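Naming convention: chains lettered A, B, ... in sequence-line order (proteins, then strands); numbering from 1 in each chain. Keep in mind the model is a prediction, meaning the values are calculated, not measured.
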Number of protein chains: 2
Amino acid sequence: MSNEAHSPRRRRGSEQPTLKEVAEAAGVSAITASRALNHPDQVNERTRARVLEAVERLGYVPNLVAGSLASARSRFIAVIVPSLANTVFIEVIQGLQETFEAQGYQILLGNTDYDTKREYQLVRTFLGWSCSALVTAGLRHSQACRTLLANWDKPIMEVMELGEALDLNVGLDHTEAGRCMARHLLERGHRQVLFVGARLESDYRAGMRYHGHREVLEQTGLAAPLIELDHGGLDAGAAGLTRALEKHGDVSAIHFANDDLATGALLHAQRLGIRVPHELAIAGFNGLPIGQHITPRLTTIRSPRQHMGQLAASEVIRRLEGKRIQRLQHDVGFELLIGEST
Amino acid sequence: MSNEAHSPRRRRGSEQPTLKEVAEAAGVSAITASRALNHPDQVNERTRARVLEAVERLGYVPNLVAGSLASARSRFIAVIVPSLANTVFIEVIQGLQETFEAQGYQILLGNTDYDTKREYQLVRTFLGWSCSALVTAGLRHSQACRTLLANWDKPIMEVMELGEALDLNVGLDHTEAGRCMARHLLERGHRQVLFVGARLESDYRAGMRYHGHREVLEQTGLAAPLIELDHGGLDAGAAGLTRALEKHGDVSAIHFANDDLATGALLHAQRLGIRVPHELAIAGFNGLPIGQHITPRLTTIRSPRQHMGQLAASEVIRRLEGKRIQRLQHDVGFELLIGEST
DNA sequence: TACAACCATGATAGCGCTAACATGATAGCG
DNA sequence: CGCTATCATGTTAGCGCTATCATGGTTGTA
């Protein structure tokens, strides 16, 4: 009775209507329905209206997995960052996200936890998803990762710092930022200047800032002592201050690797009754809002993080759209914010 | 000469080796190679070794898109939040991310910008990716979105607040949190208590806290005036303080909707020379680290955000693995942190 | 009127993988 | 020793969509 075929193997993924069913309902072929949805200009306006009506009526949701397989490209953008606990990366992701999402791209977020092996794993996975592009924080990758990416023909964008990039690169010069702050501290008359950072091995961009800082001090004939903490955050900043005063009683200025540390130290200095900047100057890096709300306001360097994400995304999109890329590298710069803490 | 078939239509996605090629290199069939990679226990150990060797040698990267299409399931978890600018969601995402990633799931992150239409769009897109589950912040959705999800047979997890959920639910009782803080302020002897929040229409969880707050005050026969700001952040907190003092000169305590506002106000009070808590008490919500580093420490309510993410992810994973779910709903609670600001 | 150029649509053949079923070999058992 | 149970592997047929080529109709042009 039933019109059922012998059908030895049935395997429908779900009860969701398929494009074919939409096409039948609209009285066109599947490919026309496909075009009506994805390349509207290739289809007669009236035909398209019929297809859209059928889509609406059947509650059709396109199977993007099938579409990606057939077209060998997804609208995924792989984004790899070393940490989600750090505002800095979050703001870059925000910039990327709003720009990519507006163009219909979907971000695949990966977190390496500062582990290059993990990065390699993530890259492998993301390649398996036929991502349209890869955005990764930083220029340092494992050899395996480089090899994998070398054979990949899609745009690769490295953000955060500038240097010898695999493909596209948007960032800022951290060494120069370190120099800039060191010069500022020298101008303020400081001669006993300490740098305090956390895990500079992982947070190697902070390490680059230290190098710039050190370069400037040593050129002036000064020492550039370093205290390295084993973790970051406000608490660590407070602890770092204590340690700094113990080990370098004569210190007149501390250049912290970031605003979290600097803010923690500054607030702790207030509790200890240390007058900032008269007895001790404190500087940070990042330009977080909190630094401009405490008294004295924190001297720091502001990096345009969200803009960095937006610019990176725009450049990737330009490339994906086949437009000419003028420059592979963009320096987003930074801005010295002089507060009352130095 | 060439062994080329007549091949009317060729369409290889890339030069990447395919599973079939790996299988040939290992001298097995494609399905065996597939099993060697995805169901190792179903394949003889020696065979598997040969396959893995071939994978290594050819630099094979599995095409996850094809795999998902064939198996009608991806290892994607859709995560929808209203904003990335708010630490609160970031920390929940962190908890989700670490837990899901450890089990081999990939998060698809969507940002609604507090727009339920946008949420609907995101849900549609994510369904199209055959996600294994959906995690969304909050219980409020558009009707279209509810309809779409009603016909979906995968786990749905709503996080942040508790209430009548679609499926699974992990969160805390914001009304009770508002009550809790109001009671604390009453205990401290305050009778002129003001609530200051931002965009309570969007941030309706803050609205729930206000309702709890108001309930307690009104039960005591007190008024519960509200000032609503048009944006959040430290600046807004400072501005909120100014406005509060203008409109309610006799206010003795301000209950801010979150720590950003409260911290901004507290730091601004210091600049204005207002003694906290003697002249004015200030309370917040969230339990951000900065609140415990300023002087006086901020009285606030800490919510276990990262834990909320971890728990939500674990529960979803339990469900996906077919294990029994004891309870659909989990209250992660909150903790009143009494600082010196009240 | 003949020809090219374009437009709208369709038939076909995959994309790379895995579910479902099938098969043959080996082990277990009375 | 014949029977079933288990294991290891293979064959087949899709998953739902789109690239490619083909086709027929319409318009423009000399």
- Starting at atom CD of Q16(B), determine the distance to atom C1' of dG16(C), rounded to an integer number of angstrom. 12 Å

- Item | 5′-ward residue of the pair A66(B)/Q42(B) relative to DNA chain D | Q42(B)

- Query: Are R48(B) and Q42(B) side-chain neighbours, meaning at least one heavy-atom pair lies under 4.5 Å?
  - Reply: no

- Message: Could you tell me how far apart E21(A) (CD) and dG16(D) (C1') are, to the nearest whole angstrom?
- Response: 11 Å

- What is the pairing partner of dG30(C), taking Watson-Crick or G-U wobble pairs with both distances under 3.5 Å in any strand? dC1(D)

- Minimum heavy-atom separation for V28(A) to A33(A), with atom names? CG2-N, 4.2 Å

- Please determine, for the side chain of A70(B), which listed nucleotide (dA19(C), dA19(D), dC17(C)) has the closest atom? dC17(C)

- Query: Taking CD1 from I31(A) and C1' from dT23(D), how many angstroms apart are they, rounded to a whole number?
  - Reply: 15 Å

- R75(B) atom CZ is separated from dC17(C) atom P, nearest whole Å, by 17 Å

- Message: It should be established whether N44(A) places a side-chain nitrogen or oxygen under 4.0 Å from OP1 or OP2 of nucleotide dC7(C).
- Response: no

- Side chain of N63(A) - closest among dA19(C), dC17(D), dG14(D): dC17(D)

- Atom CZ of R35(B) and atom C1' of dC7(D) are separated, to the nearest Å, by 11 Å

- Check the pair H39(B), V43(B) against side-chain contact (heavy atoms from CB on, under 4.5 Å), reporting the backbone distance first and the verdict last. CA-CA 7 Å; H39(B) 307 281; V43(B) 168; over 6 Å; no

- Watson-Crick or G-U wobble partner for dT26(D), using a 3.5 Å limit on both distances? dA5(C)

- Would you say dC17(C) has OP1 or OP2 under 4.0 Å from some side-chain N or O of S34(B)? no

- Note on the structure: Closest non-hydrogen atoms of R75(B) and Q103(B), given as atom of the first, atom of the second and distance, are NH2-O, 2.6 Å

- Message: Heavy atoms only, 4.0 Å cut-off, all strands: where does R73(B) land among base, sugar-phosphate and nothing?
- Response: sugar-phosphate

- Message: In this structure, how many angstroms lie between the P atom of dA11(C) and the NZ atom of K20(A), rounded?
- Response: 12 Å

- Message: Please determine whether a side-chain nitrogen of the Lys or Arg among E101(B) and R118(A) lies less than 4.0 Å from a carboxylate oxygen of the Asp or Glu.
- Response: yes

- Between dA19(C), dG14(C), dC17(C), spot the one nearest the side chain of H39(B), thanks. dA19(C)

- Task: Taking only the side-chain nitrogens and oxygens of T47(A), find out if one of them lies under 4.0 Å from OP1 or OP2 of dA8(C).
- Result: no

- Is the distance from OP1 or OP2 of dT9(D) to the nearest side-chain N or O of R48(B) less than 4.0 Å? no

- Message: Can you tell me if S29(A) touches the phosphate of dT9(C), counting only side-chain N or O atoms and a distance under 4.0 Å to OP1 or OP2?
- Response: no

- Within this structure, what is the CG-to-P distance between L69(B) and dG14(C), rounded to whole angstrom? 17 Å

- Nearest-Å distance, CG (L37(B)) to P (dT18(C))? 8 Å

- Message: For a quick check of understanding: with a heavy-atom distance under 4.0 Å over all strands, which category does V65(B) fall into, base, sugar-phosphate or nothing?
- Response: nothing

- Which listed nucleotide (dA19(D), dT9(D), dG16(C)) is nearest to the side chain of T18(B)? dG16(C)

- Could R57(A) and E53(A) be called an ion pair, given the rule that one side-chain N must be under 4.0 Å from one carboxylate O? yes

